[in-house]
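Residue numbering restarts at 1 for every chain, and letters A, B, ... go by the order of the sequence lines. Nothing here was measured: the structure is a model prediction, and the numbers come from that model.
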Protein chains: 2
Amino acid sequence: MQCSCNNCHIRTIFYETLMSNELDGFCGARTELLLSKGVTFIRQGDEIKSFKYLKEGLIKLHKTDDTGKTQIISFGKPMDFVSIHNIFAEKTYSYSVTTLEKSIICVFDLSIINNLVKTNGDFANRIIQTTTRTANKIISDSLDLLGRSMYGKIARVILFFQEEIYFTYGFDLPVSRKEIAQYTGLSIETVIRVISEFRKDGLIKVYGKRIEIIDKKGLQAIYEHSK
Amino acid sequence: MQCSCNNCHIRTIFYETLMSNELDGFCGARTELLLSKGVTFIRQGDEIKSFKYLKEGLIKLHKTDDTGKTQIISFGKPMDFVSIHNIFAEKTYSYSVTTLEKSIICVFDLSIINNLVKTNGDFANRIIQTTTRTANKIISDSLDLLGRSMYGKIARVILFFQEEIYFTYGFDLPVSRKEIAQYTGLSIETVIRVISEFRKDGLIKVYGKRIEIIDKKGLQAIYEHSK
DNA sequence: GTAAATATATGACAAATATCATAAAGAATA
DNA sequence: TATTCTTTATGATATTTGTCATATATTTAC
């Protein structure tokens, strides 16, 4: 039987671990969500019933505390599992997830995944690796940011979108200055000011959301010397 | 067969998931390490060959970057798995682990754990839950610290040792001011100054490493209003 | 037991970052 | 189109935190 996941990267993550009959069940039971930009499709506090995979697009993981302050925890790109480090440990989501661009989400019933974990040791192993890698990336990224100055933090964000999301020197920032502030822990004004300084120093060009990296080595040097 | 892990908390984590014969293999193949204070028993970069459990004592997870700067990632207490969020994802340790007090570490060969993951779905499930919970705690703690002022950060550290480690209002800090700085991202002088301020304000008494909490509600208020 | 190293402590000052105020540009809405 | 709301931008100023200097106390090494 042809599985509609054939062209999807999720196969390369789990394929080898699944028997043909398991794969059919796995792929057959999935739903696809086509979401436009700005849709919060997971809300902190909601019960976890499914396992979600970002097939295309861009998302942010975020949480709001009792005082109403919002923090952005990480950005997710295609081939990322959404909130995967959360779904096996808790009954409800600790974080919300919102699209930053038009995105396609694959939704699997959590019971199918849990069942495969129980019956297929290799699959269980893949899940363990994937969850821990996802969590480790969040930990090392947030520890990295913690130790840097405002210049290093903003340089990191710009380099992140260039190196891990758009792969070109010119791109439209998918986040507002405010969201960069929520991710870095800086104030909005500081974010705006640092971006302006980078522009004045000829490191980047800025036209609203549009960023063009002029001096990538300079940006990298700022990032690296910002401890 | 009597297993010497009978009195150990690790049984309550994995017990129900293991058949009697599996349990024998699990417990029989373990080694115990008795370590004095200040011993680095896991070093970043070393190959991961075992699964380690902190039976008694206190440890810190830390890493040193290329510039020689050391960051403390988390503190581990009894019943914690040491670096568990790392061992399934990587071949080598990303972090070092050092005892802060005399500690007992149980060492299991990683292949035994991996084998159980493959053959026992319930056990695999427990491992997934444990790894993700460990990682989630680190993520939420570090996000929490990131958003707080120096007063909130130091209050958090003092409250952590009172509430999660010693359970009494008076205790000896198991870490130096420098280590608190490495954990919070503050400078050493700032850590010392804030502790002094807390003392001058009558929140705590300080005799070198000895801390006595005088006004716990006051400390909590500082922590909570420090965003 | 003495010397050296490390940890704690505090002051003075500098640097980093936040806050408040204000304004213009853009986007959303009626 | 006019109106409102949000985002971006910048200046002035205040607050937070770091750095450097120096001193004492404590621990470690020989």
Side-chain angles (χ1 to χ4, degrees), chain A residues 36-38 67 69-72 98 100 145-158 172-201 204-212 222-223 225-227, chain B residues 36-39 60 67-72 98 100-101 145-158 172-201 204-212 222-223 225-227:
Chain A
S36 55
K37 180 180 163 168
T67 71
K69 189 178 157 185
T70 297
Q71 269 184 301
I72 291 179
T98 299
L100 294 173
L145 276 186
L146 183 65
R148 296 185 188 276
S149 71
M150 57 184 190
Y151 300 108
K153 285 172 177 164
I154 302 299
R156 180 74 204 94
V157 170
I158 295 171
D172 284 356
L173 269 182
V175 290
S176 66
R177 313 294 196 256
K178 185 177 178 181
E179 285 171 309
I180 296 177
Q182 290 169 342
Y183 179 60
T184 56
L186 299 168
S187 71
I188 299 177
E189 295 93 326
T190 296
V191 172
I192 291 170
R193 247 182 272 271
V194 171
I195 291 176
S196 290
E197 280 196 66
F198 285 174
R199 175 176 48 73
K200 286 171 193 161
D201 293 345
I204 54 176
K205 285 189 180 173
V206 182
Y207 314 94
K209 293 245 188 269
R210 178 102 193 143
I211 297 279
E212 274 170 37
I222 286 172
Y223 168 67
H225 299 142
S226 67
K227 286 244 168 170
Chain B
S36 56
K37 179 178 162 169
V39 177
K60 65 173 175 180
T67 71
K69 189 177 159 187
T70 296
Q71 269 184 302
I72 292 179
T98 299
L100 294 173
E101 290 180 351
L145 275 186
L146 182 67
R148 294 185 189 277
S149 71
M150 58 185 188
Y151 299 108
K153 285 172 177 163
I154 302 300
R156 180 75 206 94
V157 170
I158 295 171
D172 284 357
L173 269 181
V175 290
S176 66
R177 312 295 195 256
K178 185 178 178 182
E179 286 170 309
I180 295 177
Q182 290 169 341
Y183 179 61
T184 56
L186 299 167
S187 71
I188 299 177
E189 294 95 326
T190 296
V191 171
I192 290 169
R193 245 182 274 271
V194 171
I195 291 175
S196 289
E197 280 196 67
F198 284 174
R199 175 176 49 71
K200 287 172 192 160
D201 293 344
I204 55 176
K205 284 188 179 173
V206 183
Y207 314 94
K209 292 245 190 266
R210 178 102 193 143
I211 297 279
E212 275 170 36
I222 286 172
Y223 169 66
H225 299 142
S226 67
K227 287 241 167 171

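For the atom pair OG (A/Ser149) and NE2 (A/His225), the distance works out to 12.0 Å, reported to the nearest 0.5 Å. Here the NZ-CG distance, from B/Lys209 to B/Asp172, works out to 9.0 Å after rounding to the nearest 0.5 Å. Taking CD1 of B/Ile192 as the start and NZ of B/Lys178 as the end, the distance is 11.5 Å to the nearest 0.5 Å.
Between B/Thr190 and B/Thr184 the shortest side-chain heavy-atom distance does not fall below 4.5 Å. A/Ile195 is listed as a side-chain neighbour of A/Ile204, based on a closest heavy-atom distance under 4.5 Å. The side-chain heavy atoms of A/Gln71 and B/Leu146, taken from C-beta on, include a pair separated by under 4.5 Å. Side chains of B/Glu179 and B/Leu100 form a contact here, defined as non-hydrogen atoms less than 4.5 Å apart. Residues B/Tyr207 and B/Glu212 form a side-chain contact, since some pair of their non-hydrogen atoms from C-beta on lies under 4.5 Å apart. The shortest side-chain heavy-atom distance between B/Leu186 and B/Ile154 falls under the 4.5 Å cut-off. Inter-residue side-chain proximity for A/Ser226 and A/Met150 is flagged as unmet; no heavy-atom pair is nearer than 4.5 Å. For the pair B/Ile222/B/Phe198, a side-chain contact is recorded, criterion being any heavy-atom separation below 4.5 Å from C-beta on.
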List the steps, then state whether side-chain contact (heavy atoms from CB on, under 4.5 Å) holds for B/Thr98 with B/Val39. CA-CA 5 Å; B/Thr98 299; B/Val39 177; 5.8 Å; no

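The CD1 atom of A/Ile195 sits 14 Å away from the C1' atom of D/dT10 (whole-angstrom rounding). Between the CD atom of A/Glu179 and the C1' atom of D/dT8 there is a distance of 14 Å, rounded to whole Å. Look at CD on B/Glu197: it is 11 Å from C1' on D/dT16, rounded to the nearest Å. When the C1' atom of C/dT6 is taken as reference, atom CD1 of B/Ile192 falls 11 Å away, rounded to whole Å. Between B/Ile222 atom CD1 and D/dT16 atom C1' there is a gap of 15 Å when expressed in whole angstrom units. One atom, CD1 of A/Ile188, and another, C1' of D/dT8, lie 10 Å apart when rounded to the nearest Å.
Considering only side-chain N and O atoms, B/Ser196 lies nowhere under 4.0 angstrom from the phosphate OP1 or OP2 of C/dT8.
In this structure a side-chain-to-backbone donor-acceptor pair under 3.5 Å is present from A/Arg148 to A/Tyr223.
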With the sugar-phosphate defined as primed atoms, P, OP1 and OP2, and the base as all remaining atoms, what B/S/- string results for nucleotides 23-30 of chain D, 5' to 3', for protein heavy atoms under 4.0 Å? --------

In B/S/- notation, 5' to 3', how is nucleotides 14-30 of chain C contacted by protein heavy atoms closer than 4.0 Å? ---SBBB----------

Using a cut-off of under 3.5 Å, enumerate the N/O to N/O pairs linking the protein to nucleotides 13-15 of chain D.
none

Give me the distances for all protein-to-nucleotides 5-7 of chain D N/O pairs that come in under 3.5 Å?
none

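Of all the heavy atoms in B/Tyr151 and B/Val194, the pair that sits closest is CD2-CG1, 3.9 Å.
Take B/Arg177 and apply the side chain to side chain donor-acceptor pair (under 3.5 Å) test, not counting sequence neighbours, and it matches no residue.
Direction of the helix axis in the helix from C/dG1-D/dC30 to C/dA30-D/dT1 shifts by 60° between the two five-pair termini, rounded to 10°.
Residue-environment remark: NZ (B/Lys69) exceeds the threshold of 12 foreign heavy atoms within 6.0 Å.
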